[in-house]
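I have placed the structure first, in the form of structure tokens, so that the comments after it can refer back to it.
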Protein chains: 2
Amino acid sequence: MALENQELRKAGLKVTLPRVKIYQILERAGEGDHFSAEDIYKILMEQGEDVGLATVYRVLTQFEAAGLVSRHHFEGAHSVFELARDEHHDHVVCVKCGKVREFSEPKVSEILDKVAEELGFSITERTLYLYGTCKDGCEDDKA
Amino acid sequence: MALENQELRKAGLKVTLPRVKIYQILERAGEGDHFSAEDIYKILMEQGEDVGLATVYRVLTQFEAAGLVSRHHFEGAHSVFELARDEHHDHVVCVKCGKVREFSEPKVSEILDKVAEELGFSITERTLYLYGTCKDGCEDDKA
DNA sequence: GTGTTTGCAAATAGTTTGCAAGAAC
DNA sequence: GTTCTTGCAAACTATTTGCAAACAC
């Protein structure tokens, strides 16, 4: 139970209720789950925690700065967050149901590294999002 | 001079001063030039045109819907626009100087199509942005 | 003329910030 | 006890919308 506390301390952040709770929510997420600040805020409310939305934003920003989470901007709207993992991965987003799938293709990274090399760029980050629709049952429940 | 008028008509848009002027600004852009609504608004002001910022947004949105321009969201901030071209291309963005380079790698598209296939997704669009820094002279003039 | 488009001001969505009160160490 | 953190309300940024006046055709 104190595992997340270690993570927080390691990141130079004091162990406070909002940070622990938010970290736990992110930890519980399955692959492909991404939360917006608002999502997290709502979950906290449901859990009866008294945490302000502004704090959720602040904590997520701190987590991002500490490398604990990564932030994504799917289709322009709000940001969503997920716990950072070691292996880089890219995202497929269904524009109908909002579902997100992840994938990782070493060959793509390889090619992009070469492109950067040729252009004289030193890449620090990339975003690769595929938008489309699930072919299988995909109820338009973009809640 | 009436070429852009043709484009507008083809898109089902009446030929009005704001639309023509905005189209011309986009047309003048070199490869890698991307304008935000604000950029375009400022250029119009400098040219002495009396066009509202809201109109710039409306026109750009209409152009996008008509397939005349594509919209990009580089690093979260505001949207930028460029005239749509036939060949798909991806972007490299320098986070120091803001410069944008374009590239196109058929092999990447090929791999991504395969990924989508395997995941049972039907891709309609993708965004692939590489962020980093120019290795050569790149004055931090991210104006 | 009639329907579209525009400019302006006000509204909106997502996110950030100032500040005094409260918690961590 | 001192410094970091929080909650709230207010500010901010990018963008959108309502509406009456102006324009395209």
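A note on names: the letters A, B, ... follow the listed sequences, proteins ahead of strands, and every chain is numbered from 1.
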Exercise. B:K14 has a side chain; which of D:dT6, C:dA24, C:dT4 sits nearest to it?
Worked result: C:dT4
Seminar exercise, completed: By nearest-heavy-atom nucleotide on DNA chain D, the more 5' of B:T16 and B:A54 is B:A54
Exercise. What is the distance, rounded to the nearest whole Å, between atom CD of A:Q62 and atom P of D:dT5?
Worked result: 6 Å
Problem set entry | Inter-residue atom distance A:T124.OG1 - B:K96.NZ, 0.5 Å rounding | 11.0 Å
Exercise. Rounded to the nearest 0.5 Å, how far apart are CZ of B:F81 and OH of B:Y57?
Worked result: 7.5 Å
Seminar exercise, completed: The reported gap from OG in A:S122 to CG in A:D113 (rounded to nearest 0.5 angstrom) is 10.0 Å
Exercise. Should B:L128 and A:V100 be counted in the same cluster of Ile, Leu, Val, Met, Phe, Trp and Tyr side chains packed under 4.5 Å apart?
Worked result: no
Problem set entry | Separation of B:I40 CD1 from B:T55 OG1 (nearest 0.5 Å) | 12.5 Å
Exercise. Could you state the CG-C1' distance from B:L53 to D:dT17, rounded to the nearest angstrom?
Worked result: 13 Å
Exercise. Could you give the NZ-to-C1' distance, from A:K21 to C:dA24, as a whole number of Å?
Worked result: 17 Å
Exercise. Can a side chain N or O of A:Y57 be found less than 4.0 Å away from OP1 or OP2 on C:dT16?
Worked result: no
For this session: For D:dT15, take OP1 and OP2 only and decide whether either is under 4.0 Å from a side-chain N or O of B:S79.
Result: yes
Exercise. For B:Y41 and D:dT13, what is the distance between atoms OH and P respectively, to the nearest whole Å?
Worked result: 16 Å
Problem set entry | Nearest-Å distance for atom pair CD1/C1', residues B:I22 and C:dT5 | 12 Å
Problem set entry | Atom-to-atom span, CD of B:E38 to P of D:dC12 - whole angstrom | 16 Å
Exercise. Quick one: on DNA chain D, does B:R58 or B:R9 contact a more 5' nucleotide (nearest heavy atom)?
Worked result: B:R58
For this session: Have a look at B:T55 and say if it touches a base, only the backbone sugar-phosphate, or nothing, with a 4.0 Å heavy-atom cut-off.
Result: base
For this session: Starting from P on C:dG7, measure out to CD on B:E49 and report it in whole angstrom.
Result: 10 Å
For this session: Take the protein atom CG of B:L13 and the nucleotide atom C1' of C:dG3, then report the distance between them rounded to whole Å.
Result: 14 Å
